[in-house]
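Here is the structure we will look at, set down as structure tokens.
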Number of protein chains: 2
Amino acid sequence: MTTPPPGLRERKKQATREALREAALRLAVERGPDQVRVEDIAEAAGVSPRTYNNYFASREQAIVAAVTSGREARIATAVAARPAGVRLADAVTEAVVEQYTNTGEHEQQALLLITTRTALRDAFLDTTADIEPPLTAVIAERLGDTGAHTARVLAASAAAAVRIALEGWLRPAGNPEAAESFGAGGLVVPSGSLPDRLRAALAPLAPAFDAAERRTQL
Amino acid sequence: MTTPPPGLRERKKQATREALREAALRLAVERGPDQVRVEDIAEAAGVSPRTYNNYFASREQAIVAAVTSGREARIATAVAARPAGVRLADAVTEAVVEQYTNTGEHEQQALLLITTRTALRDAFLDTTADIEPPLTAVIAERLGDTGAHTARVLAASAAAAVRIALEGWLRPAGNPEAAESFGAGGLVVPSGSLPDRLRAALAPLAPAFDAAERRTQL
DNA sequence: ACGCAAACTTGCGTGCACGCACTTTTACTG
DNA sequence: CAGTAAAAGTGCGTGCACGCAAGTTTGCGT
């Protein structure tokens, strides 16, 4: 495709980005997330605070990015890698599960941190939106040009489902927020590991994926 | 259900909320959206700036709320109002179309304003998330307790679809952003009125709604 | 009618996001 | 090997979001 050579400019940019991510995470772990100002992160990475905001739009994004960096691209690649024979719904589901189960030591620690602050939790959940564009691209590829529109909707729905799964997963056990939205029947199933939750959240969308896929094969 | 009498406290709160909304919209129309500070809105509504932020989390929300206020509730009610015989997918789609076609004079003017600033546009698009909880509730009601989980995913997906429809709809014609995400085949259909776009965006989800609905009828 | 507890408002202080104008660095061309 | 244009970094200034710790109002029980 389009990878001439990456050029010094781009490499420096990525280096700065990574420096900011790592500095943010390290400082947050060391002192606790509330004792880290943007100024500190910028200084630790050797750039000005203003430059920090050229890379990340909020204080939380850098910390969260240390966990989620590149996940969107990996999910898209994983979907594209599945043989064309398998159901699109399965390809997407498994790609998602696979990438979110990527539990490196670094990430486990960071996730623990993230659960402790709602601002971080929210920033983390917002990253699910990042998977939408690449997902749209790979889905569109399978559906053909007529399904470009559909691809967009399916990708957004999948992203929404993932968000829901994550939301439930990293909900701290302690809060009595579960019985909030329903008047009477409080028989909800609170359980499940992350892969289970992801699969369960994506399952209801499978018929939509199937229908879209079927439409292209006619 | 639960409407004892609303009480003075609550009525005052709503009054303040509405005062802020109206003040925000009026000032934005009068002077242009960039010439309105939170301080101005608060003053015009007779509260402190700090109180403004107890009601709205951003400067844009008040302006946008002047257009979207109560839409979530109306959509939910509209869905619940459809006879139990019609397809759930249709009920949701028509309820959404109905409520977004609510084109009062006030709103038309405000929408025009909103398109002129991306910050406003984004805030407006973010309000689609508000329909998710009420939609979850009415869908869950139709699906029964076993489908609570599914209801959540379907509601979120519908909200995402609506967002996509709106995004495309109020995209200013002038920007060459359309050919961005696709490498080669730039044959996209740019067209459509808002109801068309909404229906088109929700259509791919219909199979998922059908499947969920079918599952409860077994 | 009284008084208390909970809810709402407000002022203050802090850190943050970002537009703008300017300097420094990188890339490309003759 | 310039010279130049584009891009990234930076300092400054402004308005904003929000925690906190008062003050003020509303609701309710007795």
Side-chain angles (χ1 to χ4, degrees), chain A residues 2-21 23-25 27-28 31-65 116-123 126-127 176, chain B residues 2-21 23-24 27-28 31-65 116-123 126-127:
Chain A
T2 51
T3 312
L8 174 60
R9 221 184 186 98
E10 194 59 25
R11 271 183 290 132
K12 256 195 166 178
K13 233 173 112 171
Q14 291 313 322
T16 302
R17 191 169 231 102
E18 189 184 338
L20 286 170
R21 272 188 309 216
L25 179 56
L27 291 176
R31 337 178 165 172
D34 298 334
Q35 308 308 317
V36 183
R37 285 165 312 179
V38 166
E39 189 186 339
D40 303 328
I41 303 175
E43 190 186 17
V47 296
S48 77
R50 185 61 184 86
T51 294
Y52 174 92
N53 274 301
N54 289 342
Y55 283 86
F56 297 101
S58 80
R59 185 175 71 91
E60 289 79 15
Q61 276 188 18
I63 302 178
V64 163
T116 65
R117 298 290 184 280
T118 64
L120 286 176
R121 199 187 75 115
D122 291 347
D126 284 345
T127 61
Chain B
T2 51
T3 314
L8 174 59
R9 218 181 189 101
E10 194 60 26
R11 271 183 290 133
K12 255 194 166 178
K13 234 172 113 172
Q14 291 311 322
T16 302
R17 190 169 231 103
E18 189 184 337
L20 285 170
R21 272 188 308 216
L27 291 176
R31 336 179 166 170
D34 298 334
Q35 309 308 317
V36 183
R37 285 163 311 176
V38 166
E39 188 186 341
D40 303 327
I41 303 175
E43 190 186 17
V47 296
S48 76
R50 185 61 184 84
T51 295
Y52 174 92
N53 275 301
N54 289 343
Y55 283 85
F56 297 100
S58 82
R59 186 174 69 91
E60 289 79 15
Q61 277 187 18
I63 301 179
V64 163
T116 65
R117 298 292 185 281
T118 63
L120 286 176
R121 199 185 75 114
D122 291 348
D126 284 345
T127 62

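Order of the sequence lines fixes the chain letters, A, B, ..., with proteins taken first and strands second; residue numbering starts at 1 for each chain.
For A/Thr51 and D/dT10, the shortest distance from a side-chain N or O to OP1 or OP2 is below 4.0 Å. For the OP1/OP2 pair of D/dG9 and a distance below 4.0 Å, the side-chain nitrogens and oxygens of A/Asn54 include no atom meeting the criterion. Put simply, A/Lys12 has a side-chain N or O that comes within less than 4.0 Å of OP1 or OP2 on C/dT26. Regarding contacts with the backbone of C/dC8, a side-chain N or O of B/Lys13 is found under 4.0 angstrom from either OP1 or OP2.
The distance from atom CG of B/Leu20 to atom P of C/dT9 is 9 Å, rounded to the nearest whole Å. Atom OH in A/Tyr52 sits about 10 Å away from atom C1' in C/dC16, given to the nearest Å. Rounding to whole angstrom units, CG of residue A/Asp122 and P of D/dA17 are separated by 16 Å. In this structure, B/Glu43 atom CD and C/dT10 atom C1' are separated by 15 Å, rounded to whole Å. Taking atom CD on A/Gln35 and atom C1' on D/dG19, their separation rounds to 14 Å, with Å as the unit. The CD atom of B/Glu60 sits 12 Å away from the C1' atom of C/dC18 (whole-angstrom rounding). Following rounding to the nearest Å, A/Glu10 (CD) and D/dA7 (C1') show an atom-to-atom distance of 11 Å. If you measure from atom CD1 of A/Ile41 to atom P of C/dA17, you get 9 Å, rounded to the nearest angstrom.
Of all nucleotides listed (D/dT10, C/dA17, D/dC16), D/dC16 comes nearest to the side chain of B/Arg37. Candidate nucleotides C/dA17, D/dA8, D/dC16 were compared by shortest atom distance to the side chain of B/Arg59, and D/dC16 ranks first.
At a cut-off of 3.5 angstrom, counting only N and O atoms as typed in the model, there is no donor on one side facing an acceptor on the other between the side-chain of B/Arg50 and the base of C/dT10. One N or O donor and one acceptor, one from the side chain of B/Arg9 and one from the base of C/dA7, sit under 3.5 Å apart.
Heavy atoms of B/Tyr55 sit under 4.0 angstrom from primed sugar atoms or phosphate atoms, though from no base atom.
Side-chain contact between A/Arg37 and A/Asp40 is present, with at least one heavy-atom pair separated by less than 4.5 Å. Counting only heavy atoms from C-beta outward, the side chains of B/Lys13 and B/Tyr55 approach each other to under 4.5 Å.
Between the B/Asn53 side chain and the B/Arg50 main chain, no donor and acceptor come within less than 3.5 Å of each other.
Here the shortest heavy-atom pairing between B/Thr127 and B/Val64 reads CG2-CG1, 3.6 Å. Annotation for A/Phe56 and A/Ala65: closest pair CE2-CB, 3.8 Å, computed over non-hydrogen atoms.
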